[in-house]
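Keep in mind that this is a model prediction, so the values were computed, not measured.
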Amino acid sequence: MSHISDAPVERVTIPMLQRWKGEGRRVVMTTAYDAVTARIADPVVDIILVGDSVGNVCLGFDNTLPVSMAMMNHHLEAVARTKPRALFVADMPFLSFHLSPEETIRNAGGFLQRGADAVKLEGGAKRAEIVRALVDCEIPVMGHLGLTPQSVNVMGGFKVQGRNADNALRLLDDAHCLQEAGCFALVLEGIPAELAARATKSLTIPTMGIGAGPSCSGQVLVFHDVLGLTESHRPKFVRTYVEGFPLLQEALSRWAADVRNGAFPTPQESYRLPEGLSDAIANWAPSNPT
């Protein structure tokens, strides 16, 4: 438990993140999709994200595109009930911020009404107008550039971005455009480390890297990847700290074996009748035998 005591006990806020960037304090961010994962993560991290990655991780989809507002609200509400001290951010899923400013504000505002502190949305300069509209409504926005999973079909798969001059320069322009529009932080995903370092140095807002090298203001990984709870292929940028899937499956297998051989439950795991009722139960017979 010694690692937990290093985390601040006060509620994490957006001004704190700004201050930490100036102080060089690294920010830690992970995902949570329910009350259990939120309670595990909250004492340890600075930012909890209810990500649309719930589609891949928990719901069995191949990508994030099928995730709906209803799905996001369901998982967001579960995390919100834990009242996290970490800054609580919710992902805007596909089609929740693409149709009109009014619908985007309604969707994002609904996240805040359900307990989120901020929202995250994908895309560069073309999202600046909607970012401004949200910020004007006092809805904090975290941007997301580089490998944006909702663009998987356009990108032709989950591929590293910014590897040619045009794309790299466009990403830097996009980062500054989103900062100017009012984003309080940016996620930089799946880009060369040198490009992420240049973006981080040139911005006044914090950057959260995922597959973007060590020079970002902080790092984000999916909860289930860190704890080895997925069997699927893990990206190069993931470091797994425990192989949780086989560990938990082995524990469940031991319980199943105890059930099958009669070793569970024992008297210590069973309730007893109050003294004096055993004979009454033993002598019981149906009142209307057939």
Side-chain angles (χ1 to χ4, degrees), residues 11-18 29 31-33 38 46-55 59 61 63-84 86-146 148-154 171 173-189 203-208 220:
R11 187 79 190 275
V12 178
T13 65
I14 290 170
M16 280 185 188
L17 300 182
Q18 305 286 347
M29 175 175 169
T31 58
Y33 311 113
D46 305 307
I47 304 174
I48 286 176
L49 171 70
V50 178
D52 60 356
S53 52
V54 66
L59 303 181
F61 298 131
N63 54 54
T64 64
L65 297 178
V67 176
S68 66
M69 279 297 298
M71 294 173 187
M72 289 298 300
N73 283 331
H74 175 80
H75 290 275
L76 184 154
E77 288 168 1
V79 172
R81 292 183 194 111
T82 70
K83 298 178 172 58
L87 188 75
F88 181 17
V89 181
D91 251 337
M92 298 289 288
F94 184 61
L95 289 184
S96 68
F97 58 98
H98 302 73
L99 302 181
S100 71
E102 293 78 15
E103 184 168 3
T104 301
I105 291 166
R106 187 179 301 112
N107 288 333
F111 279 169
L112 267 63
Q113 289 176 324
R114 289 171 171 83
D117 298 315
V119 302
K120 180 173 78 65
L121 56 80
E122 298 181 8
K126 61 185 175 183
R127 306 297 180 213
E129 180 181 352
I130 204 65
V131 169
R132 290 189 185 96
L134 291 171
V135 172
D136 283 347
C137 292
E138 315 303 335
I139 299 173
V141 181
M142 176 181 285
H144 185 157
L145 294 173
T148 47
Q150 292 175 16
S151 305
V152 59
N153 291 328
V154 174
L171 186 141
D173 287 339
D174 283 345
H176 281 266
C177 185
L178 290 175
Q179 175 177 267
E180 185 179 347
C183 284
F184 70 88
L186 295 181
V187 169
L188 301 178
E189 180 172 359
L203 293 166
T204 60
I205 60 175
T207 59
M208 302 301 301
V220 52

- Message: What verdict does the side-chain contact (heavy atoms from CB on, under 4.5 Å) test give for Phe94 and Val67, after you've listed the backbone C-alpha separation in whole Å, the side-chain angles of each residue and the deciding distance to 0.1 Å?
- Response: CA-CA 7 Å; Phe94 184 61; Val67 176; over 6 Å; no
- Task: For the pair Asp91 and Val119, evaluate side-chain contact (heavy atoms from CB on, under 4.5 Å) and give the outcome as yes or no after the intermediate values.
- Result: CA-CA 6 Å; Asp91 251 337; Val119 302; over 6 Å; no
- Item | side-chain contact (heavy atoms from CB on, under 4.5 Å) between Phe184 and Leu87, intermediate numbers included | CA-CA 12 Å; Phe184 70 88; Leu87 188 75; 4.0 Å; yes
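Across Gly124 and Leu145, no two heavy atoms sit closer than the pair CA-CD2, 3.5 Å. Pairing each heavy atom of Ala116 with each of Ala90, the nearest pair is CB-CB, 4.2 Å.
Separating the CE atom in Met92 from the CG atom in Asp52 is a distance of 11.0 Å, to the nearest 0.5 Å. Atoms OG and CZ, on Ser53 and Phe61 in that order, are 13.0 Å from each other to the nearest 0.5 Å. Annotation: the span from Met72 atom CE to Ser96 atom OG amounts to 8.5 Å, rounded to 0.5 Å. Note that CG of Leu121 is 8.0 Å distant from CD1 of Ile130, once rounded to the nearest 0.5 Å. Met142 contributes atom CE, which lies 10.5 Å from atom OG1 of Thr207 (distance to the nearest 0.5 angstrom). Interatomic distance, CG of Asp46 versus CG of Leu17, reported as 7.5 Å (0.5 Å rounding).
Looking at Thr82, its side chain does come within 3.5 Å of a backbone N or O of Val79 through a donor-acceptor pair.
Within a 6.0 Å sphere centred on NE2 of His176, other residues, nucleotides and ligands contribute more than 12 heavy atoms.
In this structure, Leu65 and Asn153 have side chains that are in contact, with non-hydrogen atoms separated by less than 4.5 Å. For the pair Val50 and Thr31, the minimum side-chain heavy-atom distance is 4.5 Å or more. Using a 4.5 Å cut-off on side-chain heavy atoms (C-beta onward), Ile48 and Val89 make no contact. A heavy-atom distance below 4.5 Å is found between the side chains of Leu186 and Leu178. Contact annotation: the side chain of Phe88 approaches that of Leu76 to within less than 4.5 Å [non-hydrogen atoms, C-beta and beyond]. You'll find the side chain of Asn73 reaches within 4.5 Å of the side chain of Phe111, heavy atoms only. Side-chain contact between Leu59 and His75 is present, with at least one heavy-atom pair separated by less than 4.5 Å. For the pair Leu112 and Pro140, the minimum side-chain heavy-atom distance is below 4.5 Å.
Pairs passing the side-chain hydrogen bond (donor to acceptor under 3.5 Å, both in side chains) check and including a residue from residues 128-145, sequence neighbours excluded, read Lys120-His144, His144-Glu189. The salt bridge (Lys or Arg N to Asp or Glu O under 4.0 Å) pairs that include a residue from residues 101-119 are Arg11-Asp117, Glu77-Arg114, where partners are two or more places apart or lie in different chains.
Under 3.5 Å, the side chains of Asn63 and Gln150 contain no donor-acceptor pair of N or O atoms.
In this structure, Thr64 has no side chain to side chain donor-acceptor pair (under 3.5 Å) partners at least two apart in sequence or on a different chain.
The side chain to side chain contact (heavy atoms under 4.5 Å, CB included) with Pro93 is formed by just one residue from the set Glu122, Met69, Met71; it is Met69.
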